[in-house]
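Have a look at the structure below, then the notes.
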Amino acid sequence: MKARLVLVAAVIVTLVPLAYLLSLAVRPAEDVLNSSLLPTSVTVDNFVRVFDTIALGTMLANSWVSAVGAALLAVVIAAPAAYFTARHTRGDRLLTVLLASYCAPPIVAIIPLFFLLRHAGLTNSVGGLILVNGIAGVPVAVWLLDGFVRRIPIEIDEAAVIDGLTVAAAFRRVVLPLLLPGIVAALLVVFFLSYNDFLFAVYLAVTKESQTLTVGLSLFQGDRNVQFGQQAAAGLLGVLPVYVLALVAQRYLVGGLTTGATK
């Protein structure tokens with residue numbers, strides 16, 4: 001009984017901010033600042049006008065493309081890296097080095113990243129965001145996949161090599177299919193981290209054609225008359241598809257986090 005009460009309380013705490021965001025999104029402009037939890041009248045004007053206020057469609061597309069691309073890039077790099085960290089005798093050192101990158105605040109990397117991307121011609125582009133967020137997501141993806149690899153008996157690798165496969169071929173043809181649940185979990189985690197990124201996006205993609213949703217939401221602040229209703233509508237349009245994705249893939253997500261994070 002107590003566990004159910006705790007679960008209900010956790011669900012309420014999680015959903016209340018989302019419900020209030022919906023409440024703000026469906027209010028007319030004159031009703032936004034009345035401090036009530038429920039709107040006195042309902043309108044869909046905010047959902048229509050927000051596309052005229054900011055380039056919301058382009059920003060949503062940029063967020064999704066950059067997040068999906070970053071997730072794919074991170075997993076492509078992380079899968080063989082996790083195989084090394086789990087199977088090699090000195091793999092733990094590499095895993096420690098990768099995770100140590102999170103000890104420093106990301107802001108310290110902005111200036112060198114900006115000049116590197118400018119030299120490569122990738123500033124103010126979705127491709128640049130994919131590259132930066134993908135590489136930034138590699139340590140997390142390696143950490144998750146490392147636990148999955150360790151749960152696969154090493155005898156499977158050895159049997160594949162005895163049958164004539166190289167180590168690389170054994171990983172690709174034997175181990176990789178067994179890593180599918182972990183790969184899905186890593187893809188989801190890196191996707192969420194990249195989709196919610198603001199720091200890299202606000203410094204490395206400043207043109208209207210390359211801005212993401214997080215940057216677009218920040219554009220509502222700073223004016224004398226902030227359109228809170230439109231900001232809430234934009235936030236809902238950005239977060240609801242991600243919520244749906246998390247619910248649909250929760251089996252892989254929860255299973256990956258609980259299984260892959262343990263050795």
Side-chain angles (χ1 to χ4, degrees), residues 14-15 17-29 32 42-75 106 110 113 117 122-137 140-141 184-223 225-250 252-253:
T14 303
L15 293 181
L18 191 62
Y20 189 66
L21 192 66
L22 175 61
S23 174
L24 288 176
V26 298
R27 301 184 189 199
V32 169
V42 176
T43 180
V44 295
D45 287 348
N46 292 322
F47 291 94
V48 176
R49 294 177 180 176
V50 69
F51 285 92
D52 297 325
T53 304
I54 60 174
L56 183 59
T58 300
M59 292 174 178
L60 286 172
N62 290 340
S63 292
W64 276 87
V65 171
S66 63
V68 171
L72 292 174
L73 176 62
V75 170
I110 287 296
L113 282 175
L117 289 181
L122 291 175
T123 53
N124 297 321
S125 70
V126 176
L129 293 179
I130 290 175
L131 182 62
V132 171
N133 283 312
I135 294 176
V140 174
V184 174
L187 283 170
L188 290 170
V189 170
V190 177
F191 171 85
F192 294 142
L193 291 174
S194 302
Y195 189 85
N196 294 326
D197 168 69
F198 174 75
L199 182 65
F200 293 144
V202 76
Y203 279 98
L204 304 178
V206 297
T207 61
K208 292 183 178 180
E209 294 76 18
S210 62
Q211 286 176 335
T212 60
L213 176 65
T214 53
V215 177
L217 292 176
S218 70
L219 297 178
F220 286 95
Q221 302 298 324
D223 255 335
N225 184 22
V226 180
Q227 298 291 339
F228 291 107
Q230 293 184 27
Q231 189 177 30
L236 272 178
L237 292 173
V239 77
L240 284 180
V242 178
Y243 266 73
V244 172
L245 174 63
L247 289 175
V248 171
Q250 62 178 323
Y252 292 98
L253 183 60

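Residue indices begin at 1 and follow the sequence shown.
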(Q) Quick check: closest heavy atoms across Tyr20 and Arg27, and the distance to 0.1 Å? (A) CE1-NH2, 3.8 Å
**Q.** Between CD1 on residue Ile130 and CG on residue Leu73, distance to nearest 0.5 Å
**A.** 8.5 Å
Q) Any idea which heavy atoms bring Leu204 and Leu129 closest together, and the distance? A) CB-CD2, 4.4 Å
Q: Identify the two heavy atoms, one from Asn124 and one from Val206, that lie closest to each other, and give their separation to 0.1 Å.
A: OD1-N, 2.8 Å
Q | CA sep, side-chain torsions, deciding dist, call: Leu18, Leu236, side-chain contact (heavy atoms from CB on, under 4.5 Å) | A | CA-CA 8 Å; Leu18 191 62; Leu236 272 178; 3.9 Å; yes
Q: Using the test side-chain contact (heavy atoms from CB on, under 4.5 Å), find all partners of Leu217 that sit at least two apart in sequence or belong to another chain.
A: Leu213, Gln231, Ala234
Q: Check whether any side-chain N or O of Asn133 sits under 3.5 Å from a backbone N or O of Ala67 as a donor-acceptor pair, and report yes or no.
A: no
**Q.** Heavy-atom closest contact (Ala70 atom, Ser194 atom, distance)
**A.** CB-OG, 3.4 Å
Q: Would you confirm whether Thr214, through its side chain, and Asp197, through its main-chain N or O, come within 3.5 Å as a donor-acceptor pair?
A: yes
Q) Can you find a heavy atom in the side chain of Thr212 that is under 4.5 Å from one in the side chain of Phe198? A) no
Q) Do the ring planes of Tyr195 and Trp64 sit parallel (below 30°), tilted (30 to 60°) or perpendicular (above 60°)? A) perpendicular
(Q) Checking Leu117 against Leu131 for the side-chain contact (heavy atoms from CB on, under 4.5 Å) test, could you report, in this order, the C-alpha distance in whole Å, the side-chain angles of both residues, the deciding distance, and whether it holds? (A) CA-CA 9 Å; Leu117 289 181; Leu131 182 62; 4.1 Å; yes
Q: Kindly compute the distance separating CZ (Phe228) from CG (Asn46), expressed to the nearest 0.5 Å.
A: 12.5 Å
(Q) Can you give me the closest heavy-atom contact between Gly128 and Ser125, atom names plus distance? (A) N-OG, 3.1 Å
Q | Distance-minimising heavy-atom pair for Ala74 and Gly137 | A | CB-C, 4.0 Å
**Q.** Spacing of CG belonging to Leu15 relative to OH belonging to Tyr243, to within rounding of 0.5 Å
**A.** 7.5 Å
Q. Passes side-chain contact (heavy atoms from CB on, under 4.5 Å), Phe191 versus Leu245? Steps please.
A. CA-CA 11 Å; Phe191 171 85; Leu245 174 63; 3.6 Å; yes
Could you give the side-chain donor-acceptor pairs of residues 48-60 under 3.5 Å, partners two or more places apart or in another chain?
from, atom 1, to, atom 2, distance (Å)
Thr53, OG1, Arg49, O, 3.2
Thr53, OG1, Gln230, OE1, 2.4

